[in-house]
K.L.:
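Here's a structure for you.
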There are 2 protein chains.
Amino acid sequence: METTLKSRETMHRLCGKGLEIFNEKGYYNTSLDDILTQLSLSKGAFYHHFKSKEDYFISIVQNLIVQKVYALLIEPLNTEENPLPIIVDSLENALEPGKKNEMAYGFMLNDFLTEFNKRNEEISGYLKDILNVWEVNLVSVLKKGKLDGYIARHVDCEGVATYIIASYLGMRSLMMDSSNRQLKYQYVQQLKHYFKSLEPQPVMA
Amino acid sequence: METTLKSRETMHRLCGKGLEIFNEKGYYNTSLDDILTQLSLSKGAFYHHFKSKEDYFISIVQNLIVQKVYALLIEPLNTEENPLPIIVDSLENALEPGKKNEMAYGFMLNDFLTEFNKRNEEISGYLKDILNVWEVNLVSVLKKGKLDGYIARHVDCEGVATYIIASYLGMRSLMMDSSNRQLKYQYVQQLKHYFKSLEPQPVMA
DNA sequence: ATCCGAACCGACTTGCGGGTCGGTCAAGTG
DNA sequence: CACTTGACCGACCCGCAAGTCGGTTCGGAT
């Protein structure tokens with residue numbers, strides 16, 4: 001049906017622009033009209049496609065945010081090599097401010113998590129689910145790295161995953177305005193140092 | 001003057017309760033009436049003491065939050081000993097959920113930073129200032145630790161401070177609901193590992 | 001006793017933003 | 001051509017919360 005196509009097209013435009021503006025200004029600080037004006041759409045159009053602002057955002061989370069996290073943070077982990085440099089690369093890449101005109105996708109998680117925490121349990125839940133998936137994948141790739149001899153046996157993989165996630169999320173609060181080159185560089189350097197401490201100690205001859 | 005005393009007393013009560021509730025529910029999700037009801041005060045009383053909600057929160061930041069951060073995160077750094085375990089202790093202590101009936105002060109910074117970022121530049125500014133002071137103090141104690149031989153010479157103290165702050169702030173996003181014992185334990189453990197990599201290499205005999 | 005002004009009260013105004021609803025338009029369908 | 005239906009329009013409704021303002025209370029100064 002052509003009608004369905006049109007409909008999907010509009011929903012896609014709404015979700016895309018919504019993510020962009022919510023990411024820029026925050027969910028509660030963005031009115032629907034802010035978005036609708038930019039798309040030259042009306043309230044009526046919006047409520048034809050979504051049953052509420054909340055429902056709308058959940059669509060965005062499930063369609064777009066999940067994808068971005070997978071693409072940037074989870075799929076890169078799928079490797080046979082030493083996982084530690086792979087993780088560094090994925091984090092460095094995810095912290096990269098929007099290439100060209102795109103958004104700084106890597107930043108969204110911490111912002112949204114904090115914004116919805118204690119304000120909207122349902123949305124919070126979806127966001128935490130994403131974090132959990134990430135964590136599980138990190139743990140699994142770390143354990144694999146241990147088996148393959150890239151990581152020392154004494155290492156607590158769950159703890160490492162937690163620490164990685166915490167430091168990554170926290171960088172967001174620091175890089176707020178200026179997508180500061182310097183901060184990112186410092187972060188990556190220290191992450192590498194930390195990772196070095198996870199490597200097996202070379203046996204002294 | 002007794003009048004002035006009464007006035008101060010009321011302002012203190014307002015600030016204290018305000019911090020408590022803003023910390024619980026967020027600034028924008030808390031109405032003045034939420035606070036005033038609990039204190040059995042009126043709008044009139046409030047606007048007699050503060051010129052706006054924003055002005056009110058700035059008072060809270062400058063009177064209470066600054067104090068907490070100093071007490072928990074900055075003053076403990078004032079030591080002649082090895083700074084690394086001191087830093088671990090201060091962070092562990094700051095992540096401790098409210099002892100007895102007090103608030104979980106250690107959590108506030110990341111929440112408020114994220115909430116005001118891009119919504120209120122002035123308040124954002126005050127909060128960033130606090131972070132900056134913390135960072136400066138961290139850097140200085142790290143440099144001192146380097147001089148005293150507790151930290152390896154190659155270490156980038158600014159980078160380490162950034163990384164410490166990032167991981168601390170990020171823990172907040174993870175510890176949202178459950179002030180999860182496990183998470184905190186993992187964090188402290190990994191922090192210690194990381195710090196070990198900053199120590200000077202013992203010279204092999 | 002009188003007055004002043006600080007502290008406080010609470011009904012009201014105002015603006016914002018989510019959500020509603022009756023309507024228009026155009027693309028099928030029979 | 002008559003009729004339906006999906007996509008969309010935009011004026012309106014309504015609740016919420018910040019901020020206003022005229023009034024009240026009360027301690028202390030003259």
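Letters go in sequence order (proteins before strands), and every chain restarts at 1.
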K.L.:
Would B:K143 and B:E158 pass as an ion pair if we require N to O under 4.0 Å?
P.N.:
yes
K.L.:
Whole Å only: how far is the NE2 atom of B:H48 from the C1' atom of D:dC21?
P.N.:
14 Å
K.L.:
Measure from OH on A:Y28 to P on D:dC16 and round the result to the nearest Å.
P.N.:
15 Å
K.L.:
Would you say the side-chain atoms of A:N120 pair up with the backbone N or O of A:F116, donor to acceptor, closer than 3.5 Å?
P.N.:
no
K.L.:
Between P on C:dG15 and CG on A:D34, what's the gap in Å once rounded to a whole number?
P.N.:
18 Å
K.L.:
Test the B:K196-A:Y194 pair against the cation-pi criterion, namely NZ or CZ under 6.0 angstrom from the six-membered ring centroid and within 45° of the ring axis.
P.N.:
no
K.L.:
Grab the CG-P distance between A:L36 and D:dC9 for me, whole Å please.
P.N.:
9 Å
K.L.:
Look only at the side chain of A:D34 and the backbone of A:S31, and say whether a donor-acceptor pair between them is shorter than 3.5 Å.
P.N.:
yes
K.L.:
Whether A:R119 and B:E115 form a salt bridge (side-chain N of Lys/Arg under 4.0 Å from carboxylate O of Asp/Glu) is what I want to check.
P.N.:
no
K.L.:
Should B:H49 be listed as having a side-chain N or O under 4.0 Å from OP1 or OP2 of C:dA6?
P.N.:
no
K.L.:
Can you tabulate the close N/O pairs, meaning under 3.5 Å, that link protein atoms to atoms of nucleotides 9-13 of chain C?
P.N.:
from   : atom 1 : to    : atom 2 : distance (Å)
C:dC9  : OP2    : B:S42 : N      : 2.9
C:dC9  : OP2    : B:S42 : OG     : 3.2
C:dG10 : O6     : B:G44 : N      : 3.0

K.L.:
Between atom OH in A:Y47 and atom C1' in D:dC12, what is the gap in whole Å?
P.N.:
14 Å
K.L.:
Give the ring-plane orientation class for B:H154 versus A:H193, where under 30° counts as parallel, over 60° as perpendicular and anything between as tilted.
P.N.:
tilted
K.L.:
C:dG17 P sits how many Å from A:I35 CD1, rounded?
P.N.:
12 Å
K.L.:
Have a look at A:L84 and tell me which of A:I86, A:N82, A:V88 forms a side chain to side chain contact (heavy atoms under 4.5 Å, CB included) with it.
P.N.:
A:N82
K.L.:
Quick one: A:M11 CE to D:dG6 P, roughly how many Å, whole number?
P.N.:
15 Å
K.L.:
For C:dC8, take OP1 and OP2 only and decide whether either is under 4.0 Å from a side-chain N or O of B:T10.
P.N.:
yes
K.L.:
Centroid separation under 6.0 Å, is that true for the rings of B:Y27 and B:F112?
P.N.:
no
K.L.:
Mind running a 4.0 Å heavy-atom check of residues 51-59 of chain B against DNA chain D and sending the residues that fall below it, in number order?
P.N.:
B:S52, B:K53
K.L.:
Check the distance between D:dA17's P and B:I21's CD1 and give it to me in whole angstrom.
P.N.:
13 Å
K.L.:
Is any side-chain N of the basic residue among B:K25 and B:E20 closer than 4.0 Å to the acidic one's carboxylate O?
P.N.:
no
